[in-house]
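All chains are named by letter (A, B, ...) in the order of the sequence lines, taking the proteins before the strands, and each is independently numbered beginning at 1.
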Amino acid sequence: MNKPRLRFAPSPTGSPHVGNIRTAVFNYLYCRHNDGTFILRIEDTDRERCTEGSLEEIMLSLRWMGMDWDEGPEVGGDYGPYFQSQRLDIYKKYAEELIERGRAYRCYCTKERLEELRKYQESNKLPLGYDRRCRELGLDERARLERENPEPVIRFAMNIEGTTEFDDVVRGHLVFDNSLQDDFVIIKSDGYPTYNFANVVDDHLMQITHVIRGEEFISSTPKHVQLYEAFGWKAPIWVSVPLILDERRRKLSKRSDTQTRFVSYIEDGYLPEAMLNFLATMGWSSGEDKKIYTREELIQQFTLEGISTSAAVFDLARLNDLQGEHVRLLSVDDLAGRLIPFLKEAGYIGDPPTPSDLEYLKRIVPLIQPRLVLLKDAPDMMLYFYRDDFDYEEKGARKYLIKENSPQLLEVVAEKLGSLHEWSCTTIERAVREGGISLNMEGGQVIHPVRVAITGRTVGPGLFELMDVIGKDRCVARLRRAADWARSRLEVVESQTSS
RNA sequence: GGCGCCAUGGUGCAUCGGUUAGCACACGGCUCUUUCAAGGCCGAAAGACGGGUUCGACUCCCGUUGGCGCCGCCA
């Protein structure tokens, strides 16, 4: 049996979006599951909509997800070029061939006429579509029209009798009435092919075996099927995957409130593992109740039969849950490594990080790992490990620091800690608690003020573990600083109340 | 408007003729605990509707309704 060949064929008309990448995921997983060839083909046939930089973002996104392509831009291959804009002569040749066979024709209709036609059809509630005026033209008329519009398009002459049928792996047997079909444009007046044409020609030439694409293409598949028939080519296996919907249950688009730019998820510090897990399980299921999949499991278990028929709503909460799970699955070293870029940017560690930077980081990571979701939030969560001059959180300060006996408590604890010979969670805990007891305070009464003094915050990892990492001298200094600060604030409060 | 696709809790999935309809997220409560997470326990929450087929339908068929998609010299 021949190895499958699949392609992901985005058009570089902007930043890739989540829906695009999900389609790529299915193609990629099927490919790897079946030891096939994964091809990246760039469908840059709309010169007006192509944007600078989007190709780079597409490639970056795929690589970030670990979905490297076997053929395509930057890696080459035997079926190139992989940019449709570099294959214009090929499309021209095949379009001419169709004209010779009577299966395509030049159309001289102007955009104005097409627009009028459309308006007429709309206002009279007629089916929309080209009226085939140029399909059967006499020589004289053709010459006349050519003078009027020297840049004709080429349209495919659809078979308008009977039906066009095909099998879709996900949808089953599909039947479309040919009388409703449109003579669609295959070559535009600027000489570029349309998607409907270039896609078919390239899929054939590149020997694509399976076309896995969004279900929005179901309606245009009859066009493609007829093209294959007209050329006498064997059509690929059609696989129409369900759409991803936004919060309003519309096809995911730039207008959705849901963030659709894929690279923004990279910037936010999502893990490629989590993203892959999330995207693969939207519209696909292995059949078992399972939440976390590794890349290897996905590749091993992915089959076309598991693709569902109904569209799925993009649920950020689920993505975040998966993200948290994958963060917790990482080893300390691994997570530390992935945090480095974010910490460099925050200025917490050097570039490159020193061995002591790394050593310190690896002591912090276990403390934040259970509560970290987005990697980009790590610097803020780690602030007090790297900075001593932080501000006290307003609410926490009011509740725990600006209190009658707080300065004294903090100083007593500082004293106890300062005299410690051994610095460990257990000795720290004992010292802190004893400090409290000497003032008739216990548990939360002492721990909360100390936490705010040490971290500036009311929430975070276990207090003694975090103090252990921060170190004795810094902890003592912070307690004294907090005591002084609290005392000064207390005086302000007093003078205000007495006046 | 035409054509097509789809239809299990709020969301993502499981169950592919016989189940008290299962899991996860989110939500609520409890628990652990110095806080926040993570974890554990509990709870609320679903087969759109109507006909068939069948001993028996969430599951198969038809219709209705609803949602979505497409109808471009976009892809």
A:V313, nearest nucleotide to its side chain (from B:A24, B:A7, B:U11): B:U11
Rounded interatomic separation in angstrom, taking CD from A:E247 and P from B:C25: 22 Å
Sugar-phosphate only, base, or nothing, as touched by A:T458 at under 4.0 Å among non-hydrogen atoms: base
Sugar-phosphate only, base, or nothing, as touched by A:I218 at under 4.0 Å among non-hydrogen atoms: sugar-phosphate
Between B:U19 and B:A75 - C1' atom distance, rounded Å: 45 Å
Base partner of B:C27, which must satisfy Watson-Crick or wobble distances under 3.5 Å: B:G43
B:A21 versus B:C62 - spacing of their P atoms, nearest Å: 27 Å
N/O (side chain, A:K188) to phosphate O (OP1/OP2, B:C74) under 4.0 Å: yes
Side-chain (A:Y265) to main-chain (A:Q259) donor-acceptor, under 3.5 angstrom: yes
Nearest-angstrom distance, C1' atom, B:C42 to B:U35: 24 Å
Touch class at under 4.0 angstrom, heavy-atom based, for A:T45 against every strand present: sugar-phosphate
Closest nucleotide among B:G1, B:A37, B:G2 to the A:P370 side chain: B:A37
Whole-Å C1' distance, B:C25 and B:U20: 24 Å
From A:C475 atom SG to A:F464 atom CZ, the distance as rounded to the nearest 0.5 Å: 11.5 Å
B:G72 OP1/OP2 closer than 4.0 Å to side-chain N/O of A:K111: no
Position toward the 5' end of RNA chain B (nearest nucleotide), A:A311 or A:V185: A:A311
Pair A:Y30 and A:H210, ring centroids less than 6.0 Å apart: yes
Verdict with supporting geometry, A:T281 and A:R318, side chain to side chain donor-acceptor pair (under 3.5 Å): CA-CA 11 Å; A:T281 51; A:R318 212 180 127 247; 2.8 Å; yes
A:E165 CD - B:G4 C1' separation (whole Å): 14 Å
For atom CH2 of A:W238 and atom P of B:G4, their distance in whole Å: 19 Å
Touch class at under 4.0 angstrom, heavy-atom based, for A:S285 against every strand present: sugar-phosphate
Sugar-phosphate only, base, or nothing, as touched by A:R318 at under 4.0 Å among non-hydrogen atoms: sugar-phosphate
Strand partner of B:G50, provided both Watson-Crick or wobble distances fall under 3.5 Å: B:C62
Sugar-phosphate, base or nothing in reach of A:G287, heavy atoms under 4.0 Å: sugar-phosphate
Nearest-Å distance for atom pair NZ/C1', residues A:K290 and B:A24: 13 Å
Sugar-phosphate, base or nothing in reach of A:L243, heavy atoms under 4.0 Å: sugar-phosphate
Sugar-phosphate only, base, or nothing, as touched by A:R250 at under 4.0 Å among non-hydrogen atoms: sugar-phosphate
Atom pair distance, as rounded to whole Å: CZ in A:F217 and C1' in B:C70: 10 Å
Rounded distance in Å between the C1' positions of B:U54 and B:C61: 12 Å
Pairing nucleotide - B:C5, Watson-Crick or G-U, each distance under 3.5 Å: B:G67
Sugar-phosphate only, base, or nothing, as touched by A:V153 at under 4.0 Å among non-hydrogen atoms: base
Touch class at under 4.0 angstrom, heavy-atom based, for A:R433 against every strand present: sugar-phosphate
Sugar-phosphate only, base, or nothing, as touched by A:C50 at under 4.0 Å among non-hydrogen atoms: nothing
Pairwise C1' distance for B:U59 and B:G52, with rounding to whole Å: 15 Å
Polar contact flag, side-chain donor to acceptor under 3.5 angstrom, A:E161-A:S179: no
Among B:G1, B:U34, B:A24, the nucleotide that comes nearest once only the side chain of A:D321 is considered: B:A24
Sugar-phosphate, base or nothing in reach of A:G214, heavy atoms under 4.0 Å: nothing
Identified pairing partner of B:G22, criterion: Watson-Crick or G-U wobble below 3.5 Å: B:C13
Listed nucleotide nearest any side-chain atom of A:D182, set B:C68, B:G72, B:U34: B:G72
A:F176, nearest nucleotide to its side chain (from B:A75, B:G12, B:G4): B:G4
Touch class at under 4.0 angstrom, heavy-atom based, for A:P461 against every strand present: base
Nearest-Å distance for atom pair CD/C1', residues A:E43 and B:A75: 8 Å
Residue pair A:F197 / A:V201, side-chain heavy-atom distance below 4.5 Å: yes
Options B:C73, B:A75, B:A24, nucleotide nearest the side-chain atoms of A:S11: B:A75
Donor-acceptor pair under 3.5 Å, A:S310 side chain vs B:C6 base: no
Atom CD of A:E148: over 12 foreign heavy atoms under 6.0 Å: yes
Closest to side chain of A:V459, choosing from B:A24, B:C36, B:C74: B:C36
Donor-acceptor pair under 3.5 Å, A:R451 side chain vs B:U34 base: yes
Rounded interatomic separation in angstrom, taking CG from A:D380 and P from B:C36: 18 Å
Selection from B:G39, B:U34, B:C36 that lies nearest to any side-chain heavy atom of A:R371: B:C36
Out of B:A24, B:C5, B:C71, whichever nucleotide has its closest atom nearest the side chain of A:L174: B:C5
Of the listed nucleotides B:U11, B:C23, B:U35, the one nearest the side chain of A:D289: B:C23
Distance, nearest 0.5 Å, that separates CG of A:L339 from CD1 of A:I368: 5.5 Å
Watson-Crick or G-U wobble mate for B:U35, both contacts under 3.5 Å: none
OH-OG1 distance between A:Y392 and A:T458, expressed to the nearest 0.5 angstrom: 14.5 Å
Integer-rounded Å distance: B:A14 P and A:E288 CD: 11 Å
Interatomic distance at P, B:C58 relative to B:A26, whole Å: 31 Å
Any A:R249 side-chain nitrogen or oxygen under 4.0 Å from OP1 or OP2 of B:U11: yes
Inter-nucleotide C1' distance (B:G22, B:A46), Å rounded: 12 Å
Flag if over 12 foreign heavy atoms under 6.0 Å of CD, A:E96: yes
Sugar-phosphate only, base, or nothing, as touched by A:G443 at under 4.0 Å among non-hydrogen atoms: nothing
